[in-house]
Amino acid sequence: MITSSSSPPPTLLSTPTKPSHTLSQRVHIPSHVYTHPSALLLELSPTLQELRQILPLVLKTGLYNEHLFQTKLISLFTKHGALADAVLVFNPIEPKIDALYHTMLKGYAKFSSLEDSLLFFRRMKLDSVRNVVYNFTYLLKCCGDNFELRRGREIHGQVIVNGFGGNVFAMTSVVNMYAKCRRIDDAKKMFDRMPERDLVAWNAIVAGFAQNGRAVRALELVLEMQEHGQQPDSITVVTVLPACADIGGLRIGRSIHGYVVRGALGSLVAVCTALMNMYSKCGMVGVARLIFDRMRERNVVTWNSMIDGYAESGDSEEAIKLFEKMMGEGFEPTDVTIMGALQACADLGDLRRGRFVHELAKETGLEADVSIRNSLIAMYSKCKEVDIAVKVFKNTKGRTLVSWNAMILGYAQNGHANEALNLFCKMCQEDVTPDSFTMVSVVSAVAELSILRQAKWAHGLAIRSCLGRNVFVVTALVDMYAKCSGVHIARKLFDMMDVRHVMTWNAMIDGYGTHGLAKSALELFEKMLRGDVKPNGVTFLCVLSACGHTGLVDEGLHYFNSMKHDHGLEPGLDHYGSMVDILGRAGRLYEAWNFIQSMPVEPGISVYGAMLGACKIHKNVELGEKAAERLFKLEPNEGGYHVLLANIYATASMWDKVAHVRKLMKRKGLQKTPGCSLVELGNEIHTFYSGSTTHPQSKRIYAKLLELGDEIKAAGYVPDSNSIHDVEDDVREQLLNSHSEKLAIAFGLINTSAGTPIHIRKNLRVCGDCHSATKYISLVTKREIIVRDMQRFHHFKDGICSCGDYW
DNA sequence: TTAGGGTTAG
């Protein structure tokens with residue numbers, strides 16, 4: 001009989017795996033008690049290295065034939081996952097007792113594939129090994145972990161045949177296997193058939209429902225188990241807390257918290273972690289943090305959960321801080337850690353730290369993991385590094401639907417609508433079935449193209465993919481139709497929806513706003529207030545921008561004030577920016593400036609940008625200079641603001657100041673984003689840049705513009721060349737006449753038949769001269785011209801624009 | 001040698 005020493009040196013046992021000590025240093029071996037020194041080592045949780053060192057020794061000695069020693073050795077090797085070494089010991093043993101097989105099977109099930117485990121299991125039958133119940137529990141667990149329903153059913157059959165159908169261990173494993181294979185109803189059937197159900201069995205079925213998205217049922221079962229005399233334990237608690245989080249059941253979550261306190265379960269790491277997770281999922285990340293801070297012991301799941309809690313609640317800065325703290329405390333990051341950190345970097349657009357986390361993923365060997373790669377694609381895309389995202393995507397082995405979705409979204413979010421659609425087609429060619437995430441990205445890519453025909457294609461696609469009723473997809477469709485000048489189709493879709501998300505309302509209100517239909521936007525908003533869906537910060541941005549597009553100053557002020565007073569929403573920088581825009585565009589510049597001075601938060605780019613734009617419209621040099629000064633500090637390298645200031649000076653004929661700004665821009669190497677307009681003809685999109693002559697029809701286009709120029713002048717058009725001064729009059733006109741939207745309009749007129757409306761998409765705001773010219777063009781050509789610029793839609797018809805010259 | 005249930009994730 002081999003036993004460990006009755007009183008071994010305590011320091012040795014507390015650090016049994018320290019490799020720097022040799023065997024003889026670690027324990028004093030009284031040779032008269034033990035037949036072989038190796039025997040003792042096996043009792044000391046040896047390292048794999050140590051086991052391998054004694055293996056040759058063991059093979060030579062007589063001890064080798066002791067059953068207990070053999071089984072122990074195999075068990076230790078398999079515990080380390082060293083199956084090959086275990087096989088080395090196992091194969092030459094003759095005769096083999098059953099326990100050897102059982103131990104080997106355990107090793108296979110834990111560390112090898114299901115196939116290998118089943119192969120070994122078959123060999124056991126050939127070798128006439130008697131089956132014990134835990135042979136089946138190992139294999140069932142393996143089936144569940146690998147979602148192998150077919151194999152799982154086979155093993156289930158064998159459990160019955162072998163007479164274990166009434167065994168609570170075996171049947172709990174069967175229940176668990178069906179639940180893991182997403183057959184929760186089969187799991188429940190088996191559970192109901194069990195002759196006796198103990199706490200573990202109840203926990204298994206509760207977990208099954210919780211993990212299959214049946215949160216309410218899981219919670220009901222917790223009540224049922226108590227009616228059957230089973231007291232929920234810490235594992236029950238840890239199992240149902242995620243179910244509470246799923247349904248946002250803060251009240252139930254709190255009552256479970258009470259149960260934890262009463263049952264003194266609050267010192268368990270897993271329990272605290274699950275509680276923390278529940279609170280942050282229910283929007284109480286502060287409470288989660290309190291629990292986190294009070295925990296005496298934390299594991300990697302605790303950290304991951306807290307990091308993710310912050311990332312999900314929008315406090316990405318805190319998520320990163322915590323991640324850095326976790327690394328500082330020496331925790332080894334897992335895939336979930338890296339994913340959480342990458343998401344936080346993505347939300348912050350923090351490329352520097354994003355790269356750092358990527359490096360860390362490389363160092364920890366997690367970089368090849370497909371989930372990590374998906375997060376990397378998302379992070380680089382959010383940081384506007386689409387090329388790097390593409391590289392990661394292309395080098396990803398075993399791409400999942402999530403990988404495709406991340407890349408398609410990455411393209412769509414960075415203005416590469418065509419690439420997004422091309423990648424979507426490629427995905428379909430590879431027989432990957434799109435889901436609602438894919439469809440939302442595809443639909444928003446089409447929205448950016450602003451082509452109604454494409455919009456209808458995307459809509460059809462959504463219906464054919466059986467996603468035509470998914471609330472997120474339909475919300476994207478509403479947004480898309482509004483952006484493709486189909487605002488009435490958008491409303492029809494909106495009215496047909498059974499369930500609407502706050503984003504759905506926002507999309508529709510914003511759609512009305514950008515079309516200058518402020519009255520419809522506000523009516524819809526009031527309707528929303530009468531319903532169940534509460535407005536959020538974005539809703540108010542949409543409402544304010546709708547007011548801004550039509551000059552509804554008093555309404556704007558009213559809604560701005562009601563945001564905090566009636567809805568408890570704190571206005572953000574963008575809301576202040578919108579308010580400055582409303583006041584400024586209405587010409588109430590000093591009021592706007594005072595509004596900025598009274599802001600409780602530090603004004604940002606959106607605020608001063610709105611101010612500067614308003615000063616341009618209303619020709620105010622004094623305030624324009626003040627706003628520009630702040631903007632140049634906040635965003636020194638944005639060419640657009642410099643151009644705005646220069647134009648303000650030009651309007652006031654302050655040419656030396658104009659020259660000064662231009663020089664400043666030259667010194668900094670700044671350029672204004674070039675104007676660009678798109679028009680679709682047939683199946684092709686034609687792109688025009690200001691002054692470009694590269695289009696095959698260029699000559700005809702410029703000739704058409706000359707001809708149109710005469711016609712509209714006769715009708716009353718006067719060129720507005722305020723911002724151009726240092727050239728002759730005819731050159732001024734030429735420069736104005738080569739603006740991208742004019743080129744696009746002329747091209748549209750040449751290539752379409754009389755009466756056809758012309759749709760133009762422009763990347764910047766329409767300039768004053770183009771706006772005036774387009775009105776006259778719509779009059780003399782009797783054409784409807786619809787221009788979607790950066791801010792809104794302009795519907796030109798019979799010499800009038802839908803914006804009422806207010807934009 | 002000697003069985004079954006749990007927490008983080010687009």
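Below, chains carry the letters A, B, ... as their sequence lines are ordered, and counting in each starts from 1. Atoms considered below: every heavy atom in the structure, side chains included; atoms not considered: hydrogens, waters and symmetry mates. The shown structure was predicted, so the numbers you read here are calculated from the model rather than taken from an experiment.
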**OP:** Name the nucleic acid region contacted by Lys180(A), choosing base, sugar-phosphate or nothing; use a 4.0 angstrom heavy-atom cut-off, strictly under.
**Re:** sugar-phosphate

Original post:
Can you list the steps and then say if Phe323(A) with Tyr310(A) is a ring-ring contact (aromatic ring centres under 6.0 Å, His included)?
Top reply: CA-CA 11 Å; Phe323(A) 165 73; Tyr310(A) 278 117; over 10 Å; no

Subject >> Minimum-distance nucleotide (side-chain atoms of Ser305(A) versus dT1(B), dT8(B), dT7(B)) >> reply: dT8(B)

**OP:** Looking at every strand, decide which applies to Asp233(A) at a 4.0 Å heavy-atom threshold: base, sugar-phosphate, or nothing.
**Re:** base

Original post:
Separation of Ile372(A) atom CD1 from dT8(B) atom C1', in whole Å?
Top reply: 13 Å

Original post:
When all nucleic acid strands are considered with a 4.0 Å heavy-atom cut-off, which category describes Gln211(A): base, sugar-phosphate, or nothing?
Top reply: sugar-phosphate

Original post:
Is Asp198(A) side chain donor-acceptor paired with the dG4(B) base, going by distance under 3.5 Å alone?
Top reply: yes

Subject >> Output field: ring centroids Trp404(A)/Phe424(A) closer than 6.0 Å >> reply: no

**OP:** Can you tell me the distance, in whole Å, between the CD1 atom of Ile291(A) and the C1' atom of dT8(B)?
**Re:** 15 Å

Original post:
Between the main-chain N or O of Cys142(A) and the side-chain N or O of Asn146(A), is there a donor-acceptor pair closer than 3.5 Å?
Top reply: yes

**OP:** When you get a sec, tell me which of dG10(B), dA3(B), dT7(B) is the closest nucleotide to the side chain of Val402(A)?
**Re:** dG10(B)

Original post:
Taking only N and O in the side chain of Lys106(A), is any of them less than 4.0 Å away from OP1 or OP2 of dT2(B)?
Top reply: yes

**OP:** Grab the CG-P distance between Asn212(A) and dG6(B) for me, whole Å please.
**Re:** 12 Å

Original post:
Which part of the nucleic acid, if any, lies within contact of Ala406(A), taking any heavy atom under 4.0 Å across all strands shown: a base, the sugar-phosphate backbone alone, or nothing?
Top reply: nothing

Subject >> Spacing between Leu241(A) atom CG and dT7(B) atom P, to the nearest angstrom >> reply: 11 Å

Original post:
Using the rule for Phe, Tyr, His and the six-membered ring of Trp, do Phe437(A) and dG10(B) stack at under 5.5 Å and under 30°?
Top reply: yes

**OP:** Determine yes or no for a side-chain-to-main-chain donor-acceptor pair under 3.5 angstrom, with Asn414(A) supplying the side chain and Gly410(A) the backbone.
**Re:** yes

Original post:
Between Tyr279(A) and His257(A), is the ring centre distance below 6.0 Å?
Top reply: yes

**OP:** Measure the distance from CG on Asn374(A) to P on dG10(B) and round it to the nearest whole Å.
**Re:** 10 Å

Original post:
Which of these nucleotides, dT1(B), dA9(B), dT7(B), is closest to any side-chain atom of Val238(A)?
Top reply: dT7(B)

Original post:
Does the side-chain ring of Phe169(A) sit on the six-membered ring of the dA3(B) base, less than 5.5 Å centre to centre and under 30° in tilt?
Top reply: yes

Original post:
Given dT7(B), is OP1 or OP2 found less than 4.0 Å from the side-chain N or O atoms of Lys281(A)?
Top reply: no

**OP:** Remember a base hit wins even if backbone is also touched, and classify Leu275(A) as base, sugar-phosphate or nothing at under 4.0 Å, heavy atoms.
**Re:** nothing

Subject >> N or O in side chain of Asn176(A) less than 4.0 angstrom from dG6(B) OP1/OP2 >> reply: yes

Original post:
What nucleotide among dG4(B), dT1(B), dG6(B) has an atom nearest to a side-chain atom of Ala99(A)?
Top reply: dT1(B)

Original post:
How is Asp435(A) classified with respect to the nucleic acid when contacts are heavy atoms under 4.0 Å: base, sugar-phosphate, or nothing?
Top reply: base

Original post:
For Gly208(A), does its backbone N or O pair with a side-chain atom of Asn212(A) as donor and acceptor, under 3.5 Å?
Top reply: yes

**OP:** Return the nearest nucleotide to the side chain of Ala201(A); candidates are dG4(B), dG6(B), dT7(B).
**Re:** dG4(B)

Subject >> Nearest to side-chain heavy atoms of Thr103(A), which nucleotide of dT1(B), dG10(B), dA3(B) >> reply: dT1(B)

Original post:
How long is the line joining NZ of Lys110(A) and P of dG4(B), in whole Å?
Top reply: 9 Å

**OP:** Decide if the gap between the ring center of Phe136(A) and the ring center of Phe164(A) is smaller than 6.0 angstrom.
**Re:** yes

**OP:** Rounded off to whole Å, could you give me the CD1-to-C1' distance for the Ile307(A) and dA9(B) pair?
**Re:** 13 Å

Original post:
Closest to the Asn167(A) side chain: dG4(B), dG6(B), dA3(B)?
Top reply: dA3(B)

Original post:
Does Gln343(A) put a side-chain nitrogen or oxygen below 4.0 Å from OP1 or OP2 of dA9(B)?
Top reply: no

**OP:** Would you indicate what Val168(A) reaches in the nucleic acid, counting non-hydrogen atoms under 4.0 angstrom: base, sugar-phosphate, or nothing?
**Re:** base

**OP:** Determine the contact category for Thr273(A): base if any of its heavy atoms lies under 4.0 Å from a base atom, sugar-phosphate if only primed atoms, P, OP1 or OP2 are that close, otherwise nothing.
**Re:** base

Original post:
Within this structure, what is the CZ-to-P distance between Phe164(A) and dG4(B), rounded to whole angstrom?
Top reply: 14 Å

